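To start, the structure under review is shown below, and the notes come after it.
FYI, side chains are in, hydrogens and waters are out, and symmetry mates aren't considered; it's all heavy atoms of this structure. Just so we're clear, the structure is a prediction, and the values are computed from it rather than from any experiment. Residue indices begin at 1 and follow the sequence shown.
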Amino acid sequence: VQKPAIAHELTHALQDQHTDLDNYMDNKTMNQDEQAARQAVVEGEGVLAMMDYMLAPMGTKAADMPNLSQMVESASQAETAKFPVFGSAPAYLKDGLMFPYTSGLAYSQAKSKIYGANVYSALLDHPPHSTHEIMHPDAPAVPALELQAPEIPAAARAGYKKLDSNVLGEFDIFVLLKQELNEEVAKAVAPLWRGFRYEVYENAAGQVVLAHRSQWKDANSAQAFAEAYRRVIAKKAFPGEDNRVDVHGETVDVIEGLHK
């Protein structure tokens with residue numbers, strides 16, 4: 001157990017020699033989805049190197065093993081199931097902790113078929129820009145669109161201060177829909193993501209208003225997300241709230257938590 005783990009950690013040391021990992025993963029110019037994608041590269045390469053080390057005595061390379069990421073994911077789930085606290089954690093936390101290792105491995109493995117032994121440096125030099133790229137390693141990269149959250153009416157915003165503004169990616173949408181609705185809906189809708197910007201506001205009473213604008217593959221995709229998100233809101237809305245979900249072609253604007 002120790003030697004494969006050492007191979008994983010030594011990979012990180014070599015990555016850090018090639019590029020400054022702190023800056024690579026925590027560059028302040030990046031949004032949180034891009035940071036998640038880069039973390040998946042770093043950890044995915046570590047797992048790929050570890051699997052190569054473990055498979056070497058059998059004369060097999062990790063890049064050539066079909067369903068490798070599914071095998072690793074199943075083994076990881078079996079191991080984490082031994083820890084009740086982790087098992088009872090929210091889905092977003094559990095999936096978020098596993099994503100860099102399992103999806104990062106699948107991404108690194110897929111790219112190793114293109115770059116060969118140079119995959120480690122290639123993904124550090126030319127990193128992905130979104131979790132959408134990580135989750136679809138064999139598809140052409142789709143540039144994430146820069147969006148602005150919808151404007152909250154000034155009267156409704158009075159007394160509120162902005163807490164946060166950032167980007168949600170396909171992975172975030174997938175976990176949200178899986179947790180609040182079901183995995184079938186998540187798999188159908190999340191891959192159609194093309195951009196998502198949110199802003200969160202809070203007043204002195206602790207009331208929160210959330211505004212977000214998302215872009216989708218096409219108008220039908222936008223309608224599908226809007227319908228799914230209306231179901232999400234219906235599950236979590238408080239009495240007296242005014243929640244708005246508006247579709248404009250390929251764009252969906254949401255403002256939730258307003259008080260009538």
Residue pair K113, D64: steps toward the salt bridge (charged side-chain N to carboxylate O under 4.0 Å, His left out) verdict | CA-CA 8 Å; K113 297 173 183 178; D64 300 326; over 6 Å; no
In terms of hydrophobic clusters joined by side-chain contacts under 4.5 Å, are F174 and I134 together?
-> yes
Using 4.0 Å as the upper bound for N to carboxylate O, is an ion pair formed by D26 and R38?
-> no
Measuring from T251:OG1 to Q215:CD, what's the distance to the nearest 0.5 Å?
-> 3.5 Å
Give a yes or no on whether V175 and F196 share a hydrophobic cluster (residues Ile, Leu, Val, Met, Phe, Trp, Tyr; joining criterion: side-chain heavy atoms under 4.5 Å apart).
-> no
Could you walk me through whether E184 and K178 pass the side-chain contact (heavy atoms from CB on, under 4.5 Å) test, one step at a time?
-> CA-CA 8 Å; E184 182 181 358; K178 184 178 78 167; over 6 Å; no
Could R157 and E151 be called an ion pair, given the rule that one side-chain N must be under 4.0 Å from one carboxylate O?
-> yes
For W216 and V189, which heavy atoms make the closest approach, and how far apart are they?
-> CZ3-O, 3.6 Å
Any sub-3.5 Å donor-acceptor pair from D172's side-chain atoms to G169's backbone N or O?
-> yes
May I ask you to check whether H12 and Q15 show a side-chain donor-acceptor distance below 3.5 Å?
-> yes
In short, T11 meets G46 closest at the heavy-atom pair CG2-CA, 4.0 Å
Can a donor-acceptor pair be found between the side chains of H129 and D33 at a distance below 3.5 Å?
-> no
Shortest non-hydrogen contact from N182 to V185?
-> OD1-N, 2.8 Å
Are more than 12 heavy atoms from other residues, nucleotides or ligands located less than 6.0 Å from atom NZ of K235?
-> yes
To the nearest 0.5 Å, atom CG of D242 lies from atom CD1 of I255 at 9.0 Å
Reported CD-to-NZ distance for the pair E180 and K236, which is rounded to 0.5 angstrom = 7.0 Å
Gap between atom OH of Y120 and atom CG of D125 - 0.5 Å precision | 15.0 Å
Any donor-acceptor pair under 3.5 Å linking the side chain of D253 with the backbone of R213?
-> no
Any side-chain heavy atom of V252 within less than 4.5 Å of one from D246?
-> no
State plainly whether one hydrophobic cluster holds both L147 and Y198, where clusters connect Ile, Leu, Val, Met, Phe, Trp and Tyr through side-chain heavy atoms under 4.5 angstrom apart.
-> no
Of I233, L210, N243, which meets side-chain contact (heavy atoms from CB on, under 4.5 Å) against V254?
-> I233
What's the spacing between S214 OG and L192 CG if we round to 0.5 Å?
-> 11.0 Å
Could you walk me through whether K161 and Y201 pass the side-chain contact (heavy atoms from CB on, under 4.5 Å) test, one step at a time?
-> CA-CA 5 Å; K161 65 177 181 179; Y201 297 81; over 6 Å; no
Is the shortest distance from a Lys or Arg side-chain nitrogen in R194 or E250 to a carboxylate oxygen in the other one below 4.0 Å?
-> no
With a 4.5 Å limit on heavy-atom distance, are the side chains of Y107 and V41 in contact?
-> yes
For residues P150 and H212, report the shortest heavy-atom separation together with the two atoms involved.
-> CD-C, 3.4 Å
Does a side-chain heavy-atom distance below 4.5 Å link E170 with S130?
-> no
Of all heavy-atom pairs between V209 and G257, which one has the smallest distance, and what is that distance?
-> CG2-O, 3.7 Å
Please report the shortest heavy-atom distance between Q109 and M65, naming the atom on each side.
-> NE2-O, 2.7 Å
Connected via hydrophobic side-chain network under 4.5 Å: L145 and M135 = no
Ignoring hydrogens and angles, state whether a donor on the side chain of R197 or S165 is under 3.5 Å from an acceptor on the partner side chain.
-> yes
Value for CG (L105) from CE (M50), rounded to nearest 0.5 Å, stands at 8.5 Å
Does a salt bridge link R231 with E227, judged by any charged N lying under 4.0 Å from a carboxylate O?
-> no
Just checking, is any N or O donor in the side chain of Y229 or E256 under 3.5 Å from an acceptor N or O on the other one?
-> yes
Within-4.5 Å side-chain heavy-atom neighbours: D138 and H136 = no
State, with a plain yes or no, whether a side-chain heavy atom of L258 is found less than 4.5 Å away from one of I152.
-> yes
Would you check, one step at a time, whether the test side-chain contact (heavy atoms from CB on, under 4.5 Å) holds for F225 with I173?
-> CA-CA 10 Å; F225 173 73; I173 302 302; 4.3 Å; yes
Can K162 and E199 be counted as an ion pair, charged N to O under 4.0 angstrom?
-> yes
Steps toward side-chain contact (heavy atoms from CB on, under 4.5 Å) verdict (L55, K61) | CA-CA 6 Å; L55 293 169; K61 292 190 69 64; over 6 Å; no
Under a 4.5 Å cut-off applied to non-hydrogen side-chain atoms, are W193 and T131 in contact?
-> no
Do you see a donor-acceptor pair shorter than 3.5 Å between the side chains of Y24 and D16?
-> no
Does the side chain of D218 come under 3.5 Å of the side chain of S221 through a donor N or O and an acceptor N or O?
-> yes
If you group Ile, Leu, Val, Met, Phe, Trp and Tyr by side-chain heavy-atom gaps below 4.5 Å, do F99 and L48 land in one group?
-> yes
Is there a donor-acceptor pair closer than 3.5 Å between any side-chain N or O of D52 and the backbone N or O of A62?
-> yes
Exam field: side chain N23 to backbone N27, donor-acceptor pair closer than 3.5 Å | no
